[in-house]
Amino acid sequence: MKTSPLIFDSVRFTRGDFLLDVDVRFREGELTVILGPSGCGKTTLLDLAAGFLRPSGGSILEGERDVTLWPPDKRKVGVVFQDHALFPHLNVKDNVSYGPKVRGANKVRAGIIADGYLEMTHMTKYASRMPSSLSGGERQRVALARSLAIKPDILLLDEPFSSLDAALRRTLRNDVRQIQEQTGITAILVTHDQDEALALADELAVMRQGRIIQMGKSGKLWKNPADLFTALFLGRTTRLSVHRILSVIAGELMVETAAGTVRMEIEDTRPVLPSTLVIRPEDLIVTQNGTLSGQVTKTEYAGGHWKIRLEVGDGTDMIDCNIHDTVPPAIGDLLSLDIRPGSARILPGTVTEHLETR
Ligand code: ATP
């Protein structure tokens, strides 16, 4: 399958108070996941990419082609929506062969193309079934086969698993990942599910209030979030407000938090207050007389380890860590923790303001 990058060159789109302002290159042959809270503009971005909406400024390019003003049917884009929009009066195979037929393939050729994509999506045995007789997951597989059958250069997936239960979501997202790798298509998947985004993405783009805040490999965003919003939105993290900057000497910073005094290396400028200290759970180690301490308020088994939450100070501060023991600590126990060197980050802002302005 031919692939192209999809480029948003200073694309702007306004709707009432909402402004989307995006400058990004979705790389050819990669799966980019766009993650962001409800209303941040994820679907709007896909609608612009598909040609359902027209930008008020900037250009959209599919490889070399400037498609900014092209209608959806002229673009080489396949779309899978959250609500499996299949033709209800056509059986599965006819749903999939419809696109190739409209684009000029004869019945036999369109049937061969459909068979190929039904096999790829494990739907061959359902070829003659009507959409109404399929489960949600099966319908999404047909929707995927149908969008691939037009041999698009770019595949757009808008929350394709959101109506499915957890186990089915996992199976289907593994299949999508495999199909994307097999076809080498440039794909953009939108979700507000952090675990899904981290698990699937070649490139992860975090979106907020109409803008892409940070884009990169999942691991990089997880460990080095660009701002406090991204740190909190990506998933579990310790968040401790910095009460005082005690010293900055030769690249070493010492700050006071409600859970203890933390010493860490810093590369660039002195942090400003208010700031928040963030540390991922896997970077905290339970020990005697550690740097941080707090009281256990929550324990949750996660298969192989316990997710532990400790309360610190007034309640907006908290420590999230993992414990690999068979038995969790009791609620109310005092735990002491060390921070893996180089893993703590200080980010401007407070947790409260970031949660309020999502
Ligand atoms: P969700 O995760 O809830 O689907 P989203 O990130 O996909 O959200 P969009 O659907 O792109 O967000 O919406 C972006 C903004 O545009 C929101 O403020 C939304 O209220 C607004 N919006 C979306 N569709 C319309 C519409 N048809 N008319 C007016 N405003 C709209």
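Both counts, for ligands and for their atoms, begin at 1 and track the order of listing. Throughout, numbering of the chain's residues begins at 1 and tracks the sequence.
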Original post:
Are any of the side-chain nitrogens in Arg103 or Asp73 under 4.0 Å away from the carboxylate oxygens of its partner?
Top reply: no
Original post:
For Leu246, which fellow cluster members are found when Ile, Leu, Val, Met, Phe, Trp and Tyr are connected by side-chain heavy-atom distances below 4.5 angstrom, either directly or through intermediates?
Top reply: Met254
Original post:
Using a threshold of 4.0 angstrom between heavy atoms of the protein and any atom of ligand 1, which residues qualify?
Top reply: Arg15, Phe18, Pro37, Ser38, Gly39, Cys40, Gly41, Lys42, Thr43, Thr44, Glu159
**OP:** List the atom of Asp338, the atom of Gly290, and the distance in Å for their closest heavy-atom pair.
**Re:** OD1-CA, 3.3 Å
Subject >> Chi angles and distances behind the side-chain hydrogen bond (donor to acceptor under 3.5 Å, both in side chains) call for Asp320, Thr238 >> reply: CA-CA 5 Å; Asp320 272 335; Thr238 289; over 6 Å; no
Only pairs under 3.5 Å count here: list side-chain donor-acceptor contacts from residues 218-235, not counting sequence neighbours, and write none if there are none.
unit_1: Ser218; atom_1: OG; unit_2: Leu198; atom_2: O; d: 3.2
unit_1: Trp222; atom_1: NE1; unit_2: Glu282; atom_2: OE2; d: 2.7
unit_1: Lys223; atom_1: NZ; unit_2: Glu282; atom_2: OE2; d: 3.0
unit_1: Lys223; atom_1: NZ; unit_2: Asp283; atom_2: OD1; d: 3.3
unit_1: Lys223; atom_1: NZ; unit_2: Asp283; atom_2: OD2; d: 2.9
unit_1: Asn224; atom_1: OD1; unit_2: Arg345; atom_2: NE; d: 2.5
unit_1: Asn224; atom_1: OD1; unit_2: Arg345; atom_2: NH2; d: 2.9
unit_1: Asp227; atom_1: OD1; unit_2: Phe229; atom_2: N; d: 3.4
unit_1: Asp227; atom_1: OD1; unit_2: Thr230; atom_2: N; d: 2.9
unit_1: Asp227; atom_1: OD1; unit_2: Thr230; atom_2: OG1; d: 2.7

**OP:** Could you list the residues that satisfy side chain to side chain donor-acceptor pair (under 3.5 Å) with Tyr98, not counting sequence neighbours?
**Re:** none
